[in-house]
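Please read the structure below before turning to the comments.
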Amino acid sequence: MPALVLDGRPVANRILEEVAAGSAELARLRGRPPTLVAVGVGEDPATRSYFRSIGRLAEKAGVRFEARYLPADVSTAGLVEEVGRLNADPEADGVLIQMPLPPHLDAGRVAEVLDPAKDVDGITPENAGRLFLGRPHLTPSTPVGGLEVLKAYNIPIEGRRAVVVGRSNILGKPLALLLLAENATVTVCHRQTRNLAQITWEAELLCVGAGRPGLITADMVRPGAVVLDFGTNWTEGGLVGDVDFEAVKQVAAAITPVPGGIGPVTTAVLLRNTLRAARRS
């Protein structure tokens with residue numbers, strides 16, 4: 001039978017309802033709602049689309065949202081200066097720096113100067129270190145969104161063989177740590193991995209976020225596996241994931257679509273992190 005399609009929208013709506021209630025309570029206590037400021041660099045259409053999506057869901061969640069766009073040729077010093085202003089701004093409860101940054105910018109330096117208390121996507125060394133030590137505060141929203149989908153559909157994680165394809169600081173690495181914390185046995189693959197198909201075929205939970213459309217085909221997926229597609233690739237045909245959805249759907253037990261799978265849950269988790277940051281401030 002075709003796989004169960006794991007629709008992320010009802011999962012996101014449940015989280016947004018919780019955030020809306022918390023935002024309203026916080027607004028009554030201090031006179032203003034939680035505020036998230038997102039910073040993008042250049043004219044990247046994917047970033048602008050993502051920020052528009054955040055804005056729509058933020059309105060539902062009672063969170064004030066502001067998008068700031070810096071010129072494509074901004075220097076690392078210029079971006080660091082903007083981050084410093086947001087660190088000092090008492091109205092900005094959460095700050096999102098959209099990654100990946102253009103290659104001429106030092107993303108590590110930017111992460112180092114961001115206030116960990118406002119780091120709603122978990123990119124700072126402090127928040128990444130807390131996750132590594134099993135004491136997370138603000139955790140990257142995309143991998144948490146994937147786990148929220150699994151839990152919402154009562155898909156077990158403990159004891160299962162999980163394979164993560166991709167090792168980015170905002171998805172692959174934190175996702176591996178989160179899966180370990182849920183007692184999965186985890187393998188992380190990347191572009192230097194040999195025999196990728198052999199490894200992915202062994203996965204009971206296959207999590208893919210490498211940024212390559214169509215990377216995972218049906219012959220790479222173990223029958224009955226659960227497939228989480230974190231890919232967001234803009235093509236002439238629209239937004240697609242890293243998994244050949246129609247083919248893999250015939251093999252897997254469950255699969256997330258793109259769009260409509262993990263994406264909306266990611267945004268909802270980001271807004272929940274903003275509320276948590278606002279409460280702590």
Can you tell whether the side chains of [X] and [Y] come within less than 4.0 Å, N to carboxylate O?
{"X": "Lys60", "Y": "Glu17", "answer": "no"}
{"X": "Asp89", "Y": "Lys118", "answer": "no"}
{"X": "Arg222", "Y": "Glu202", "answer": "no"}

For Asp115 and Val95, what are the C-alpha separation, side-chain angles and deciding distance, and is it a side chain to side chain contact (heavy atoms under 4.5 Å, CB included)? CA-CA 9 Å; Asp115 183 352; Val95 177; over 6 Å; no

I want to check something: taking the side chain as every heavy atom from C-beta on, are [X] and [Y] in contact at a cut-off of under 4.5 Å?
{"X": "Arg32", "Y": "Glu91", "answer": "yes"}
{"X": "Leu271", "Y": "Leu36", "answer": "yes"}
{"X": "Phe245", "Y": "Val258", "answer": "no"}
{"X": "Trp234", "Y": "Pro45", "answer": "no"}
{"X": "Val226", "Y": "Leu206", "answer": "no"}
{"X": "Arg30", "Y": "Ser281", "answer": "yes"}
{"X": "Val221", "Y": "Val243", "answer": "no"}
{"X": "Val19", "Y": "Val63", "answer": "yes"}

Okay, side chain of [X], backbone of [Y]: is any donor-acceptor separation there less than 3.5 Å?
{"X": "Asp93", "Y": "Ala277", "result": "no"}
{"X": "Asp106", "Y": "Arg109", "result": "yes"}
{"X": "Asp242", "Y": "Ala210", "result": "yes"}
{"X": "Thr200", "Y": "Ala197", "result": "yes"}
{"X": "Glu204", "Y": "Arg160", "result": "no"}

Identify, with sequence neighbours excluded, every residue that meets side-chain hydrogen bond (donor to acceptor under 3.5 Å, both in side chains) alongside Asn183. none

Residues in side-chain hydrogen bond (donor to acceptor under 3.5 Å, both in side chains) with Glu18, at least two apart? Arg14

Taking atom [atom1] of [X] and atom [atom2] of [Y], what is their separation to the nearest 0.5 Å?
{"X": "Ser23", "Y": "Arg28", "atom1": "OG", "atom2": "CZ", "answer": "10.5 Å"}
{"X": "Ser49", "Y": "Asp44", "atom1": "OG", "atom2": "CG", "answer": "9.5 Å"}
{"X": "Asp7", "Y": "Asn13", "atom1": "CG", "atom2": "CG", "answer": "9.0 Å"}
{"X": "Thr47", "Y": "Arg52", "atom1": "OG1", "atom2": "CZ", "answer": "10.5 Å"}
{"X": "Ile170", "Y": "Ile123", "atom1": "CD1", "atom2": "CD1", "answer": "8.5 Å"}
{"X": "His190", "Y": "Ser168", "atom1": "NE2", "atom2": "OG", "answer": "13.0 Å"}

Say whether [X] and [Y] are linked into one hydrophobic cluster, either directly or through other cluster members, by side-chain heavy-atom distances under 4.5 angstrom.
{"X": "Leu215", "Y": "Leu175", "result": "no"}
{"X": "Phe230", "Y": "Leu178", "result": "yes"}
{"X": "Val120", "Y": "Val83", "result": "no"}
{"X": "Val37", "Y": "Val74", "result": "yes"}
{"X": "Leu147", "Y": "Val5", "result": "no"}

Considering residues at least two apart in sequence or located in another chain, which fulfil the salt bridge (charged side-chain N to carboxylate O under 4.0 Å, His left out) criterion with [X]?
{"X": "Lys151", "value": "Glu182"}
{"X": "Arg64", "value": "Glu66"}
{"X": "Lys173", "value": "none"}
{"X": "Asp229", "value": "none"}

Do you know which two heavy atoms are closest between [X] and [Y], and how far apart they sit?
{"X": "Ala225", "Y": "Ala203", "answer": "CB-O, 3.5 Å"}
{"X": "Glu126", "Y": "Pro116", "answer": "OE1-CG, 3.6 Å"}
{"X": "Ser141", "Y": "Leu270", "answer": "CB-N, 3.8 Å"}
{"X": "Arg48", "Y": "Gly42", "answer": "NH2-O, 3.6 Å"}
{"X": "Val188", "Y": "Ala176", "answer": "CG2-CB, 3.7 Å"}
{"X": "Leu57", "Y": "Pro264", "answer": "CD1-O, 4.0 Å"}

Kindly write out the residues that satisfy side-chain contact (heavy atoms from CB on, under 4.5 Å) with [X], not counting sequence neighbours, or none if the list is empty.
{"X": "Ala247", "value": "Ala218, Asp244"}
{"X": "Arg280", "value": "His137"}
{"X": "Pro223", "value": "Trp201, Val251"}
{"X": "Arg135", "value": "Arg130"}

Show your working on side chain to side chain contact (heavy atoms under 4.5 Å, CB included) between Cys207 and Leu179 and close with a plain yes or no. CA-CA 10 Å; Cys207 309; Leu179 289 167; 4.2 Å; yes

Check the pair Lys249, Glu246 against salt bridge (Lys or Arg N to Asp or Glu O under 4.0 Å), reporting the backbone distance first and the verdict last. CA-CA 5 Å; Lys249 185 171 68 171; Glu246 292 300 331; 3.4 Å; yes

Below 3.5 Å, can you tabulate the donor-acceptor pairs from side chains in residues 96-103 to any protein atom, sequence neighbours excluded?
none

Applied to residues 255-276, the side-chain hydrogen bond (donor to acceptor under 3.5 Å, both in side chains) test, sequence neighbours excluded, yields Glu148-Arg272

Should we count CZ of Arg212 as having more than 12 external heavy atoms under 6.0 Å? no

Assign the ring pair Phe65 / Phe51 to parallel, tilted or perpendicular, where the plane angle (0 to 90°) is split at 30° and 60°. perpendicular

In sequence, state the C-alpha distance, the side-chain angles, and the governing distance for Thr139 and Asn127, and then conclude on side chain to side chain contact (heavy atoms under 4.5 Å, CB included). CA-CA 7 Å; Thr139 306; Asn127 283 326; over 6 Å; no

Consider side-chain contact (heavy atoms from CB on, under 4.5 Å). Of Val149, Leu205, Leu228, which one does Ile155 pass it with? Leu205

Between Asp219 and Thr217, is there a side-chain donor-acceptor contact under 3.5 Å, judged purely by atom types and distance? yes

